Amino acid sequence: MPELPEVETYRRYLEETCLNQPIQDVFVEDTKLLTTDYDLLVASLRGKQFVATERVGKNLFVQTDGGFYVHFHFGMTGDLAYYQFEEERPRFSRIVFYFQSGYKLAFICPRKFERIGIVENIPEYLKRKRIAEDALAISISTLDATLAKKKVFIKPVLLDQSVIAGIGNWIVDEVLFQARIHPERLASSLDESEVTHLHEAIQFVLKTAIDCEANYALFPENFIIHAREWAVSPYAEVNQHLLCPVCQQKLQIMRVGGRTTYFCAIDQPLKRT
DNA sequence: GCGCTTGTTAAAGT
DNA sequence: AACTTTAACAAGCG
């Protein structure tokens, strides 16, 4: 779930709730979730405040008045919750920031794939982790130049955070569906028009998802995401019968690049190249 | 209780 | 050597 639109939604949520109030303490259930030593993390944060937020791809950086950032990565299931009373504390709140105001920010980590740590310098961090330009910022020409070098299926290329940052397994299926491109097309085989359509689809899907605050049930009816069985969908028939929302034929489900992939063989034909 | 899962990465393969 | 592929990670959920 925490792909670019979810992280952007979390960023806005944190910015609306948590800025400019001193941090009193930090609870950490399991130090495996930290990329910074626990004692250092707590010592650095006590008495400091969150003052601003930035997002690159699926990475959230929360600036402090101590001249450093707290980096959040949400893994596959991370979430945030701001609350006041202990009885409101969500399950799996494995990291909790306690503010002096009495309010708390929980980092909900059901599967412990999530990470938090101190980052001093964002550009240095992005370079070291090989995180490319954000999917909402990348230009067609940069995307085109990168795709031209890749002799692999387009789907795993778009999932590669060192190519374009922020796209995950559900968004890539949606983007390829909207752009009418088969997930197993070789990236280097896309022509200029296809790359243009792809770039447009990326912007469209991401902006639509952000506008819906990543609430999948609010996505347009012609989105293929409604066919995924986990997505609570108002379009029950499409959901049950796994039909293409455009042509109403049965969708294909296969593994591409090791990930479960939904697509429509009719609307996303695999051209001969 | 088995098999599946959103992300990332180290290790293996070509 | 550089690029690509795969398996493993943790644990909840249906």
Side-chain angles (χ1 to χ4, degrees), chain A residues 1-10 28-35 55-60 71-81 90-95 106-117 119 125-132 134-135 145-177 183-189 205-206 209-210 212-217 219 223-233 239-240 242 253-263:
Chain A
M1 303 164 154
E3 304 182 21
L4 188 152
E6 289 87 345
V7 179
E8 175 63 17
T9 302
Y10 299 158
V28 178
E29 179 190 298
D30 185 341
T31 54
K32 276 185 185 169
L33 299 168
L34 301 180
T35 56
R55 181 195 56 73
V56 178
K58 303 170 189 173
N59 299 275
L60 175 60
H71 170 248
F72 290 68
H73 196 288
F74 295 89
M76 295 207 276
T77 48
D79 200 352
L80 296 178
R91 284 181 79 193
F92 315 120
S93 295
R94 303 191 201 273
I95 297 179
F107 186 34
I108 304 168
C109 309
R111 290 176 212 177
K112 295 192 180 181
F113 272 7
E114 303 77 5
R115 292 295 180 268
I116 275 184
V119 166
Y125 177 86
L126 297 174
K127 188 177 177 188
R128 180 160 51 82
K129 302 295 278 186
R130 297 197 182 81
I131 294 165
D134 189 81
T146 310
L147 297 186
K149 294 181 213 160
K150 298 285 183 179
K151 299 174 182 63
V152 284
F153 297 151
I154 184 65
K155 168 156 177 167
V157 173
L158 294 176
L159 286 172
D160 186 342
Q161 304 300 297
S162 71
V163 171
I164 177 170
I167 296 178
N169 197 40
W170 298 326
I171 287 173
V172 70
D173 281 2
E174 192 64 60
V175 163
L176 291 171
F177 178 70
E184 290 184 323
R185 283 289 302 284
L186 285 187
S188 58
S189 79
V205 171
L206 292 175
I210 291 170
C212 299
E213 296 182 328
N215 181 349
Y216 308 125
F219 289 3
F223 270 36
I224 198 173
I225 193 173
H226 299 300
R228 301 191 100 108
E229 57 266 13
W230 51 262
V232 180
S233 167
N239 208 340
Q240 279 176 15
L242 298 177
I253 302 176
M254 63 186 298
R255 288 185 85 78
V256 178
R259 316 302 290 193
T260 300
T261 301
Y262 287 62
F263 70 102

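What you see is a predicted model; the values in this text were computed from it and never measured. The sequence lines fix the lettering, A, B, ..., with proteins before strands; numbering per chain opens at 1.
Separation of the A:F74 and A:Y10 ring centroids falls under the 6.0 Å cut-off.
With no hydrogens or angles considered, no side-chain donor-acceptor pair links A:T261 and A:R255 at under 3.5 Å.
Listed pair A:K32 / C:dC9 fails the phosphate criterion, with no side-chain N or O lying under 4.0 Å from OP1 or OP2. Considering only side-chain N and O atoms, A:K112 lies nowhere under 4.0 angstrom from the phosphate OP1 or OP2 of C:dG12. Taking only side-chain nitrogens and oxygens, A:R255 comes nearer than 4.0 Å to OP1 or OP2 of B:dT5. Using a 4.0 Å cut-off, no side-chain N or O of A:H73 falls inside it from OP1 or OP2 of B:dG7. Applying the 4.0 Å criterion to OP1 and OP2 of B:dG7, one finds that A:Q161 has every side-chain N and O outside that range. Residue A:T260 places at least one side-chain N or O closer than 4.0 Å to OP1 or OP2 of B:dT5.
When all heavy atoms of A:P156 and A:V256 are compared, the pair lying nearest together is CD-CG1, 4.2 Å. Residues A:L206 and A:A135 come closest through the heavy atom pair CD1-CB, 3.5 Å. In this structure, A:V157 and A:A187 approach most closely via the heavy-atom pair CG2-CB, 3.9 Å.
In this structure, the nucleotide among C:dC13, B:dG7, B:dT5 sitting nearest to the side chain of A:E3 is B:dG7. Each of B:dT5, B:dG7, C:dT4 was ranked by its minimum atom distance to the side chain of A:V152; first place goes to C:dT4. Here C:dC13 is the nucleotide among B:dG7, B:dC4, C:dC13 with the atom lying nearest to any side-chain atom of A:R111. When the nucleotides B:dC4, B:dG7, C:dA11 are ranked by their closest atom to the side chain of A:F113, B:dG7 comes out on top.
Atom CG in A:D79 sits roughly 17 Å away from atom C1' in C:dA11 (whole-Å rounding). In this structure, A:K155 atom NZ and B:dT6 atom P are separated by 8 Å, rounded to whole Å. The distance between atom CZ of A:R94 and atom P of C:dA10, rounded to the nearest whole Å, is 12 Å. Remark: C1' of C:dT4 and CG of A:L186 are 13 Å apart, rounded to the nearest angstrom. In this structure, the NZ atom of A:K150 is 7 Å from the P atom of C:dC3, given to the nearest Å. Here the C1' atom of nucleotide C:dC3 and the CZ atom of A:F153 are 15 Å apart, to the nearest Å. Atom CZ in A:F72 sits about 16 Å away from atom P in B:dT8, given to the nearest Å. Between A:L159 atom CG and B:dT8 atom P there is a gap of 9 Å when expressed in whole angstrom units.
Residue A:G168 is classed as a sugar-phosphate contact, given heavy-atom separations below 4.0 Å to backbone atoms only.
A:E29 CD: more than 12 foreign heavy atoms inside a 6.0 Å radius.
Sorted by first then second residue, the salt bridge (charged side-chain N to carboxylate O under 4.0 Å, His left out) pairs that include residues 156-175 of chain A, not counting sequence neighbours, are A:K155-A:D173, A:D173-A:R228.
Comparing the P positions of B:dG3 and C:dA7 gives an interatomic distance of 16 Å, to the nearest angstrom. When the C1' atom is compared between C:dG12 and B:dT9, the two are found 22 Å apart, to the nearest whole Å.
If you check distances only, the side chain of A:R259 never reaches the base of B:dT6 with a donor-acceptor pair under 3.5 Å. One cannot find a donor-acceptor pair under 3.5 Å joining the base of B:dT8 and the side-chain atoms of A:R115. Within 3.5 Å, no donor on the side chain of A:R91 pairs with an acceptor on the base of C:dG12, nor the reverse.
Using a distance-only test at 3.5 Å, with no hydrogens or angles considered, no donor-acceptor pair links the side chain of A:R115 to the main chain of A:L33.
In DNA chain C, runs of at least 3 consecutive Watson-Crick or G-U pairs, each pair with both distances below 3.5 Å, span B:2-5 with C:11-14, B:7-14 with C:2-9.
Using cut-offs of 30° and 60° for the angle between ring planes, the A:Y125 and A:H71 rings count as tilted.
Residue A:F74 and nucleotide B:dG7 are not classified as a stacked aromatic pair, given the requirement of ring centres less than 5.5 Å apart at an interplanar angle below 30°.
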